[in-house]
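Values below: all heavy atoms of this structure, side chains included; hydrogens, waters and symmetry mates excluded.
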Amino acid sequence: MDLHFGDSKPTDEERAAIDALLGPPESSWEGAARDEMRAADLRWARGGREARERRDLLLPGLHAVNDRIGWISEGALDYLCRRLTVPPAEAYGVATFYAMFSVKPRPATVLHVCTDLACAAAGAAELCAGVEARLGPGSGVGVGVERSPCLGLCERAPAALAVRAGDPVRTAVSAPTTVARAAEAASAPDSAPEEPPAAFAVPQAGDPSLMLLSRVGVVDPASLDDYRAHGGYTALRRAFALGPAGVIREVTDAGLVGRGGAAFPTGRKWQATASQPDRPHYLVCNADESEPGTFKDRVVMEGDPYALVEAMTIAAYAVGAHKGYLYLRGEYPRALHRMEHALGQARARGLLGEDVLGQGYAFDIEIRRGAGAYICGEETALFNSIEGYRGEPRSKPPFPVEKGLFGKPTAENNVETLVNVLPILTRGAEAYAAIGTPGSTGPKLYCVSGSVDRPGIYELPFGATLGELLELAGVRERLRAVLLGGAAGGFVRPDELDIPLTFEGTRAAGTTLGSGVVMAFDDRVPLPRLLLRIAEFFRDESCGQCVPCRVGTVRQEEALHRIAERRGAAAADDLALLREVGRAMRDASICGLGQTAWNAVESAIDRLGAYE
């Protein structure tokens, strides 16, 4: 290992932020002052192995500095590297990987203004121009304005997130926002208007037929007693009665498949993890939903946080894990607060810790915050991020059930998949499997946004049609297109609304269900501009590890720019180039980002005639 430290020193505030996370340094090798009391440090080195084993604290350490100061200086990075025995070059690579961090000086207050699809359709371009004119350089306000990818607030587009560094860091969400409201949130995060309750995003809130969203808007998300009074922890008690093998059998018989888009059978994943002889086993909940148009996990965590805690405990019990990680989007401050509170209450009441519910089973959950990287939604990139490396996907095999987090067997599921386990155990596998279709069982959450009157999260049994869902949401007239599956999904025409919303139904229709994104666009939304925004998104979010994706996403964006300016034969040549680049990305990229980066553009060309 080659460690090259510079001469820069951390400020007292930077040192305090890191020490608050890691504890005070025990020797000068870790960055403590070399005084007479540490003369022994000159004779031998101590703590190197222990420090290296804490490399997974690199991301929390970067967050600690960024939260306190607003950016990460060379001195702060060097001090953090000394504490963890991480080469500074590697730590710099990690710090610059994430959009929410800055290694260059910037104002303590940063306003992130969403520019992605739902917000773009709601006037994000005009909003950004107005905010930059009012708060930008030369205004003397001392606020940095950054154009941001999707903030996960699509039901309240357009949206902005203000972050003011300090101890503690302060945040304010403004959505739907205007130039005046965004400026107010940035100027005074503490006094900004409170966000509406999570139930605001659930038009069906209070409907007795709901299963996954039944408690959102009904229970107090801060009250464990209220959660238990509405059926909470019934599923965990049944899990202990069934035993780990019984839980896996129930989940398998229910036909539950992953809700993140891959639709892999959850019972098979859990069984494969549980059967691995290597120990320890880990459970990871992927709450880093960064797909433009996706916000269902946020609503569940904000409106029913204890459900996720209970579901993670059941999953961990089934696979033999005693430690779980909740990887949470950095752009979700309220979800972070709700989950931290729920975990604290669960520990205090014996629902997490050394003896869960007095059953002799030990399990606890640690939250790890993401920092703005769509690629970390890919499971192996997420593992690298937790471990303190750049969030780049790993080649598979070996698969995570064999060698996942820290090289150990790991079960990874997203929030929606996990909370489906609760009704499976409380109602029984047979009753759950009777909902939906034989190939897609149970209920599904859909994130509906765009040109609809009632955007939000909708819960419907698999098998409902796209038209039925849009009717619930109040689709507007002059519908031009519907994007299924988000930026990695595909467009469908207004005459294709009879598509059944199942994994097999969407495949048969030549599109994808993905994670449940449904974005409606009327004919006032310029389709070529949307496609260009999708291309920009994938260019920015590519981790750059593999050539097909790193180069292909750039070439795709360049071609779309040229097509927007050309007509006739020149445009036809670029369309042919787009297809060739798209095939190369789909066939040769390491992970799903590159493999799906061409999907939406291809569907818009072939199904909608976007450039005719």
Side-chain angles (χ1 to χ4, degrees), residues 1 48-60 84-86 90 236 239-240 242-252 256-258 260 262 264-288 311-327 352-356 359-368 376-414 417-418 421 545 590-592:
M1 181 184 294
R49 178 178 299 173
E50 291 83 354
R52 284 192 293 275
E53 290 176 351
R54 296 197 298 172
R55 173 159 183 158
D56 66 294
L57 295 178
L58 178 59
L59 182 57
L84 299 176
T85 321
V86 174
E90 290 187 23
L236 180 59
F240 282 133
L242 290 171
V247 172
I248 294 175
R249 185 169 55 252
E250 285 285 292
V251 171
T252 302
L256 177 64
V257 299
F264 189 85
T266 304
R268 283 177 55 191
K269 179 183 288 190
W270 288 9
Q271 180 60 52
T273 307
S275 64
Q276 295 296 321
D278 195 13
R279 300 286 169 172
H281 294 179
Y282 290 104
L283 173 77
V284 174
C285 175
N286 183 348
D288 189 55
M312 287 184 67
T313 308
I314 293 169
Y317 176 66
V319 303
H322 298 285
K323 180 69 178 287
Y325 287 90
L326 172 60
Y327 191 90
L352 289 175
E354 294 299 319
D355 188 13
V356 176
Q359 298 292 319
Y361 169 65
F363 177 67
D364 209 343
I365 299 170
E366 182 176 343
I367 295 177
R368 289 297 174 90
C376 288
E378 196 278 338
E379 57 186 357
T380 60
L382 185 155
F383 299 156
N384 276 340
S385 181
I386 291 177
E387 292 176 19
Y389 297 92
R390 288 169 62 88
E392 298 173 340
R394 304 171 184 174
S395 296
K396 291 182 282 192
F399 294 98
V401 296
E402 301 169 309
K403 291 189 179 296
L405 185 64
F406 304 117
K408 299 297 182 180
T410 303
E412 182 267 354
N413 296 107
N414 75 349
T417 305
L418 288 168
V421 174
Q545 180 180 197
I590 289 176
C591 79

Inset, instruction - Report the C-alpha separation of Tyr317 and Phe240 in whole Å, then their side-chain angles, then the decisive distance to 0.1 Å, and conclude whether the ring-ring contact (aromatic ring centres under 6.0 Å, His included) test is met. - result: CA-CA 8 Å; Tyr317 176 66; Phe240 282 133; 4.8 Å; yes
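- In this structure His322 satisfies the ring-ring contact (aromatic ring centres under 6.0 Å, His included) test together with Tyr361, sequence neighbours excluded.
- Listed here is the closest heavy atom pair of Glu392 and Asn384: O-ND2, 2.6 Å.
- Looking at Val247 and Trp270, their side chains come closer than 4.5 Å, going by heavy atoms from C-beta outward.
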Legend entry - Derivation of the side-chain contact (heavy atoms from CB on, under 4.5 Å) call for Lys408 and Lys323: CA-CA 12 Å; Lys408 299 297 182 180; Lys323 180 69 178 287; over 6 Å; no
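- The shortest side-chain heavy-atom distance between Thr252 and Gln271 does not fall under the 4.5 Å cut-off.
- In this structure, the salt bridge (Lys or Arg N to Asp or Glu O under 4.0 Å) partners of Arg368, at least two apart in sequence or on a different chain, are Asp56, Glu366.
- Using a 4.5 Å cut-off on side-chain heavy atoms (C-beta onward), Leu236 and Val356 make contact.
- Contact between Ala381 and Gly391 at its shortest, heavy atoms only, is CB-O, 3.4 Å.
- Residues Asn286 and Glu412 bring a donor and an acceptor atom of their side chains to less than 3.5 Å of each other.
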Legend entry - Test side-chain contact (heavy atoms from CB on, under 4.5 Å) applied to Glu379 and Thr410, step by step: CA-CA 10 Å; Glu379 57 186 357; Thr410 303; over 6 Å; no
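- Here the shortest heavy-atom pairing between Ala316 and Phe363 reads CB-CE1, 3.2 Å.
- Scanning both residues, Lys269 and Val401, for their nearest heavy atoms gives O-CG1, 3.7 Å.
- Here the closest heavy-atom approach between residue Thr313 and residue Leu352 is recorded as OG1-CD2, 3.8 Å.
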Legend entry - Stepwise side-chain contact (heavy atoms from CB on, under 4.5 Å) test for Leu59 and Tyr327: CA-CA 12 Å; Leu59 182 57; Tyr327 191 90; 4.3 Å; yes
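- Summarising the geometry, atom OG1 belonging to Thr273 is positioned 13.5 Å from atom OH belonging to Tyr282; distances are rounded to the nearest 0.5 Å.
- When all heavy atoms of Leu283 and Met312 are compared, the closest pair comes out as CD2-O, 3.1 Å.
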